[in-house]
Structure formats: structure tokens, C-alpha cells
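Being a predicted model, the structure only gives us computed values, none of them experimental. Letters go in sequence order (proteins before strands), and every chain restarts at 1.
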Protein chains: 2
Amino acid sequence: MSERKGVRETTLTEEAYQKLRWDIVSGTLEAGSPLRLDNLKQRYGLGYSPLREALNRLHSERLVTTVALRGFTVAPLSLSEMWDAVETRIHIEAEALRRAIEYGDDEWETEIISTFHALAIKAKRLQDLTEQPPKEEIKALEERHHRFHHALISACRSNWLLDFSQKLYVETERYRFPVLGGSMAASSRDVSREHQDIMEAAIARDADRTVALLTAHYRRTGETLSARYAPESEANVAHRPKAPAL
Amino acid sequence: MSERKGVRETTLTEEAYQKLRWDIVSGTLEAGSPLRLDNLKQRYGLGYSPLREALNRLHSERLVTTVALRGFTVAPLSLSEMWDAVETRIHIEAEALRRAIEYGDDEWETEIISTFHALAIKAKRLQDLTEQPPKEEIKALEERHHRFHHALISACRSNWLLDFSQKLYVETERYRFPVLGGSMAASSRDVSREHQDIMEAAIARDADRTVALLTAHYRRTGETLSARYAPESEANVAHRPKAPAL
DNA sequence: TAAATACAGATTTTCGCAAATTCTGTTTTT
DNA sequence: AAAAACAGAATTTGCGAAAATCTGTATTTA
């Protein structure tokens, strides 16, 4: 049971969880495909128990579905589910943001500024690249993106709001990931600008403006993803929120 | 590995989950007490694997806490956590309710009415009882209560809102349960009346009024629980929301 | 031919032990 | 006397085999 070299850093369950999560979010394991225990065991070189436990954690995050006695599958993707996640996220984070703006102290402001810059630098570097950035780099970008958005609402003083926001972030990450790798430079949006505006409004303690900017930011992302996943289809318009304008 | 008589109804994991959940919510397993695998194995007559899996599910529902390599414990209770859950629930369900009122059809109305009556009848019967009702009866009452509140928002067309509402219901159930067994008759509130008003406002499609009534309903419950868990203490007032009025 | 039944292969679920890790109380050293 | 080191105990974690279950195919029956 010992690791290659001496001490093991984390539990095998954690390892299984991280690897599976990455393979699902990055699309290596396709949506809807069944996850056979035997396969996974061979693929990751881990036993049944850690895999099973990891699969259960992923189930509670809605990344995998499971039916009793019929095993696990990668959770399917659908535009209507994506829009549900986007709109719910707006509803949750709008409230969290208002509270964070009310309660946030110097440390909160500092964290927003530093995570913003970490994100902006990374985004700039990847955007300037001529070739397609490697998946590892996209992962790092996603992490900084996550940290920035978390920093915005971190002072809201509600564990439940933070928890729900986290869950919705994970859900939308799956949809966002393949697009991030695509034509980043070609995008007509200046996402970094949007982030900066949100940051400035938050630090200026203008709650209404910050919420409006964040809402627009998320809806634009949703629209980008809609276009990416169903370029020709008109069907996805039905999933759009009723009030897309600010 | 075979069951007493022929076919097994569900998986052992499901059985472990249900039993553990009940023992935690009903208070049989006290908040904060450690959950040793050996103990549980003996107590429920189940193996490690089903228990472990059930414990993980309960962890994702915040009913148990866990630290890697240090086992599981029953999640602690705290007034500030309860108020967080109550206020977040209000925020989630207010939105879900508005949408349900917009989208709800005849079937939705019918479901609200029937679940209301099922709840009202049960509540009346338990209230008229002279002695303390048995735990099983309280469980049945809780189930009907849950069905009614779920019916109200069931037409909201958002799986995420419904999922979050469900999570928060479970969380608050833990706090409500011991109180339900107590002096139900002595309560100055007419809870059934509150439910009826909510039902009528919803069916009349008066969104603002329904949301206001539901908010008041949840806050009153929160206050009852505060009083029950910290009767003399002034400290819990600090956890109260800023705007308790309608 | 169609429906019902039986069978066989594949898959999931469960079990209990063994290994690894952490905790606790005692002894030794500074 | 305080800090560090150590050993034994308690607990969690991981594994692979065995049991239970499901799914699809072949066989039988009406």
C-alpha cells in the first residue's frame, strides 16, 4: 500500500477524485459515457474503494450520475441545464456580492485586487500565444478565474451562499472549459476589461452597479457557450432568460 | 450476504443512509459525537463499505463532518448556522416561488391543495393529542410538511433552485425536529393558518404577498428555534437578520 | 409467430482482513 | 519541571475476492 517513494501526500481517494474530476471537466471522458469500475481501476491504477468514494463525491457535485445497481456515468451536458446553472448562479452571487460589499474590509479589497491581477496576467499571456495553449495552462487559468470570482463574494458571511456558488462554479466550468481552449484571441469580448470593471465597482462599494456588471458578465458567457454548443440551432434561444438586458 | 427473506428491497448503502440520517435528524446521535466505523458496524449490523458510502452522502448534505484519516462526527449545531440556512432558504425559495407562480398550471395548484390538507389533518391530530406523540408520528408530520413546501415551488422549472431548497430543508429539519416533539399545543402560533394563507396567496397568483408570507413564516420558525435552543441568552440576537420585519 | 421463461455473461455491491496512519500515555532527556 | 522521543493502542483506508444483481440472448411453450 506504500507509495513509490516513502510517504504518501494525500489519500488515494483524493487522488482518484482529482484525476476523475479533471478528466470529466476537460472532456477527456465524454458526457454520457459509462464509468465502469473495472475500466477505471485499470486506467488509474487504483482499487475499487477509492474510486467508488471519489465517484460518490463527484455525484454530489453533479459531475456524474448514478442509478442504484447500474453503475455510474458521466453526467450529460445540456444547454437548458447550463442556463439554469448560469441564472441560479446570478441569483446566488448577486445576494452574496451585496453582502460582501456591505461587510468587506481592507483584506477583502486586497484579495480582490491581487486575484484580479494574477488572472489578468495569465489571461494576457495565453491570449498572446499563437498556438493553442496546453490543457495544463487552461487549468491554471481556470483556477485563477475561480479565485477572483470567489474573492468578490468571500466576505458575504454566509457559508451556504458560498457553498452554492462553489457548486455552480464547478457545474459551469464543464461548459466553459472546451471553449477556453478555442479561439480566445478571436473573441470580440474583452473579458479582462469586464473583470476589471467588476473589481472597480465592488471596491467603490457600488452594489447595484457591481451586481449589474456581474450579471451581464455571466449572461454574456452563457451566450458565448450557447453559440459554441449549438451554433446553428435556434432551439437554444428558448433556454435564454426572459430578461437578458441589464 | 443474503437478506433474511429472499430478495433485498434496496441496497445496503441506502439502508445505512436512511438509518443514519434518521438517527442524526431525530437527535438519537448527538451533535458533535464521533461516528466510529466499528460502533456503527455493530449498531446497524452492516459492513464497512455501505456505512462509509452512506457517511459520505451525509457529509455532502452537511449532516456529518469528516477530516481525512480522522473519521466522521455528527455535524455540530449552531444558531448562527441555523440563521444562515433560514435566510438563504428564504432567498432561494422566494425566487423559486415567483417563478412557480408564473409557470404553475392546474396540476401545480392541485398538488399544493392536496399536500396542504394532508399536512393540516396530520397536524391537527397530533395537536389534539394529550400525550407526547411518538417519534414515528413526528417523522410522518415532517414528511407532509416537506411535501407541502416542495409543492409550492415545484413548478419553478429550475433544478438547481429545487436542489438547493431541498438541501436547506434537510439542514433546518435537524433544528426543527426536537422542537416539534415539544409543546406543540402550547405554541402561540397558528402554523396551520400560516400555511393556509401561503397556499391561498400562491393560488391567487399574488407573488409579492406569497413571498412575504413565506418569509415571515420561515423567520418566525427561526425565532421559535432560537428561543428553544438558547432560552435565556441574548447572544443569539446577534445572529438575527437585519430586517426581521416584512 | 409471439410471449414467457431460463440461462449465461457482465457489472455492481458488499465483505472482512491487512497495511498505513494517527492518537495517547509513558518514559527519557535536557 | 518542561520538552522530546518512543511505544502501544485505536482507527481509518485500501484491496481483491465473493455474493448479488442486472441485461441481453437463446430456448421453450402456447
Side-chain angles (χ1 to χ4, degrees), chain A residues 1-21 23-24 29-76, chain B residues 1-21 23-24 29-30 32-60 62-76:
Chain A
M1 204 177 290
S2 68
E3 194 73 340
R4 280 157 285 244
K5 295 225 168 139
V7 189
R8 188 164 61 227
E9 301 290 314
T10 63
T11 62
L12 295 188
T13 297
E14 184 64 22
E15 187 185 337
Y17 170 77
Q18 294 293 346
K19 287 183 175 170
L20 273 166
R21 187 185 187 289
D23 283 345
I24 292 170
L29 292 168
E30 269 178 61
S33 62
L35 296 163
R36 300 280 155 57
L37 271 300
D38 272 337
N39 273 347
L40 301 179
K41 189 176 161 196
Q42 208 170 2
R43 180 185 176 111
Y44 299 110
L46 296 164
Y48 289 108
S49 306
L51 286 171
R52 183 158 258 280
E53 210 161 305
L55 252 7
N56 276 312
R57 275 178 68 182
L58 292 164
H59 174 61
S60 79
E61 293 175 11
R62 294 227 211 165
L63 255 35
V64 316
T65 58
T66 175
V67 180
L69 302 174
R70 222 161 302 174
F72 301 87
T73 58
V74 181
Chain B
M1 207 178 290
S2 67
E3 193 73 338
R4 282 153 285 241
K5 293 226 168 139
V7 188
R8 188 162 62 224
E9 302 289 314
T10 64
T11 62
L12 296 186
T13 297
E14 185 63 23
E15 187 185 336
Y17 170 76
Q18 294 293 346
K19 288 184 175 170
L20 272 166
R21 188 185 186 289
D23 283 345
I24 291 170
L29 292 168
E30 270 178 61
S33 63
L35 296 163
R36 299 282 154 56
L37 273 298
D38 271 337
N39 272 346
L40 301 178
K41 187 175 167 258
Q42 209 170 1
R43 180 185 177 111
Y44 298 110
L46 296 163
Y48 289 108
S49 305
L51 286 170
R52 181 160 259 282
E53 213 162 302
L55 252 6
N56 275 311
R57 274 177 70 183
L58 292 164
H59 174 60
S60 79
R62 294 228 210 166
L63 255 35
V64 314
T65 58
T66 174
V67 179
L69 302 174
R70 223 161 305 174
F72 301 87
T73 58
V74 180

Quiz prompt | Option among V74(B), L51(B), L63(B) that satisfies the side chain to side chain contact (heavy atoms under 4.5 Å, CB included) test with L20(B) | solution = L51(B)

Exercise. Grab the CG-P distance between L12(B) and dA20(D) for me, whole Å please.
Key: 10 Å

Quiz item: If you check every side-chain atom of S49(A), which of dC22(D), dT14(C), dC15(D) has the closest atom?
Solution: dC15(D)

Exercise. Could you tell me the separation between the CG atom of L46(A) and the P atom of dG16(D), rounded to a whole number of Å?
Key: 11 Å

Self-check item: Exercise: identify the closest heavy-atom pair between G32(B) and T73(B)
Solution: O-CB, 4.1 Å

Quiz item: If you draw a 6.0 Å radius around CD in Q18(B), do more than 12 non-hydrogen atoms from other residues or ligands fall strictly inside?
Solution: yes

Practice problem: Quickly work out the D38(B) CG to dA9(D) P distance and round it to whole Å. | Solution: 16 Å

Quiz item: What's the CD-C1' distance between E53(A) and dC15(D), to the nearest Å?
Solution: 14 Å

Self-check item: Side chains of N39(B) and Y44(B), donor plus acceptor under 3.5 Å
Solution: no

Quiz item: OP1 or OP2 of dC15(C) less than 4.0 angstrom from a side-chain nitrogen or oxygen of K41(B), does that happen here?
Solution: no

Self-check item: Nearest-nucleotide pick for R70(B), side chain only, options being dT13(C), dT14(C), dT22(C)
Solution: dT22(C)

Self-check item: Listed nucleotide nearest any side-chain atom of R36(B), set dT11(D), dT14(C), dC15(D)
Solution: dT11(D)

Quiz item: Is the closest basic N to carboxylate O distance between E14(B) and R57(B) below 4.0 Å?
Solution: yes

Quiz prompt | Given dT12(D), dT12(C), dG14(D), the nucleotide with the shortest approach to the side chain of T13(A) | solution = dG14(D)

Quiz item: Taking atom C1' of dT11(D) as reference, at what distance in whole Å does atom CG of L55(B) sit?
Solution: 13 Å

Exercise. Starting from C1' on dT14(C), measure out to CG on L37(B) and report it in whole angstrom.
Key: 14 Å

Self-check item: Whole-Å distance separating the CG atom of L40(B) from the C1' atom of dG16(C)
Solution: 16 Å

Practice problem: Return the nearest nucleotide to the side chain of Y48(B); candidates are dG16(C), dT12(C), dG14(D). | Solution: dG16(C)

Quiz item: Within this structure, what is the CD-to-C1' distance between E14(A) and dT12(D), rounded to whole angstrom?
Solution: 16 Å

